[in-house]
Amino acid sequence: MDTQIPTSLRFTGSQVNYYFLCKKKLWYFSHDISMEHTSDAVYMGKLIHETSYEREKKEIEIDGTIKIDFIGKDRVIHEVKKSDSVEEPHLWQLKYYLWYLKQKGVEGVTGKINYPKLRKTLDVFLEPGDDEKIQAILAGIKGIMDAELPPPAERMKMCKNCSYGDMCWI
């Protein structure tokens, strides 16, 4: 059963991640203002992604909307991350993928966040109440995207390494 997901609820995993990470970064990214190509941290993350789990088929795109890092034979969706310093955004990004697939009629799929440099994994499942939480997250993302101007910057620990950092404080 392939359920059609309304366009208003189709967001990338990065948008869900940025919703938790930084609302201003989400606004910039959603308005095609990309600074990721200038970031050493982003480059390092891509390098880890490319060189880890080399036997797996990577970057599985669904509906031109979500990109799953790889799917194990055991119906586990894997998301590869550089560091666990911002675990909540990673968790909700993967829960969004699980929710998205569930909306398309794909059942029995779970998730795992892999931190290869840390040799750590985190199992991820859709839990009771997550559907409602994800709906609220998606409404929040839409509200930020629809805003004419980005939200005000909030000084956070991660700002010093953010590729958008110079733009936020001008």
Handout entry: Any side-chain heavy-atom pair of E59 and D69 under 4.5 Å
Key = yes
Exercise for the section: Would you please name every residue forming a salt bridge (Lys or Arg N to Asp or Glu O under 4.0 Å) with E107, sequence neighbours left out? Expected result: none
Practice task
Output yes when a side-chain donor or acceptor of Y96 lies under 3.5 Å from a complementary backbone atom of F11, and no otherwise.
Solution key: yes
Practice task
Please collect all salt bridge (Lys or Arg N to Asp or Glu O under 4.0 Å) contacts where either partner lies in residues 91-101, sequence neighbours excluded, each pair once.
Solution key: K95-E127, K95-D130
Completion exercise
Residues passing the side-chain contact (heavy atoms from CB on, under 4.5 Å) test with P150, sequence neighbours excluded, are K24, W27, Y28
Problem - Any side-chain heavy-atom pair of D131 and K102 under 4.5 Å - result: yes
Problem - For D74, salt bridge (Lys or Arg N to Asp or Glu O under 4.0 Å) partners two or more places apart - result: none
Problem - Reported NZ-to-CG distance for the pair K81 and L118, which is rounded to 0.5 angstrom - result: 13.5 Å
Completion exercise
S30 meets the side-chain hydrogen bond (donor to acceptor under 3.5 Å, both in side chains) criterion, sequence neighbours left out, with Q15
Handout entry: Gap separating the OH atom of Y100 from the CD1 atom of I62, nearest 0.5 angstrom
Key = 8.0 Å
Completion exercise
Separation between CD1 (I113) and CD (Q93), nearest 0.5 Å, reads 8.0 Å
Practice task
With sequence neighbours excluded, tell me which residues meet side-chain contact (heavy atoms from CB on, under 4.5 Å) with K23.
Solution key: Y19, I144, P151
Problem - Inter-residue atom distance R10.CZ - I66.CD1, 0.5 Å rounding - result: 10.0 Å
Handout entry: L126 side chain reached by I134 side chain, heavy atoms, under 4.5 Å
Key = yes
Fill in the blank from the handout: One should read off an interatomic distance between K25 NZ and M156 CE, to the nearest 0.5 angstrom, of 9.5 Å
Exercise for the section: For H90 and N17, indicate whether the former's side chain and the latter's backbone hold a donor-acceptor pair under 3.5 Å. Expected result: no
Problem - I77 and L101, any side-chain heavy atoms less than 4.5 Å apart - result: yes
Practice task
Flag the pair T12 / F29 as yes when at least one side-chain heavy-atom distance between them is below 4.5 Å, and no otherwise.
Solution key: yes
Problem - Which atom of K117 lies closest to which atom of K82, heavy atoms considered - result: CB-O, 4.3 Å
Exercise for the section: With sequence neighbours left out, write down each residue that passes side-chain hydrogen bond (donor to acceptor under 3.5 Å, both in side chains) with S83, or none if nothing qualifies. Expected result: S85
Exercise for the section: Can you sort out the partners of E132 under side-chain contact (heavy atoms from CB on, under 4.5 Å), two or more places apart, ordered by chain and number? Expected result: none
Problem - Row check, W99 ring normal vs K133 NZ/CZ: under 6.0 Å, within 45° - result: no
Exercise for the section: Kindly work out whether a path of hydrophobic side-chain contacts (I/L/V/M/F/W/Y, heavy atoms less than 4.5 Å apart) joins V76 to I68. Expected result: no
Handout entry: Joint hydrophobic cluster, F125 plus Y97, side-chain heavy atoms closer than 4.5 Å
Key = no
Fill in the blank from the handout: K112 meets the side-chain hydrogen bond (donor to acceptor under 3.5 Å, both in side chains) criterion, sequence neighbours left out, with D123
Problem - I137 vs F20 side-chain heavy atoms within contact, under 4.5 Å - result: yes
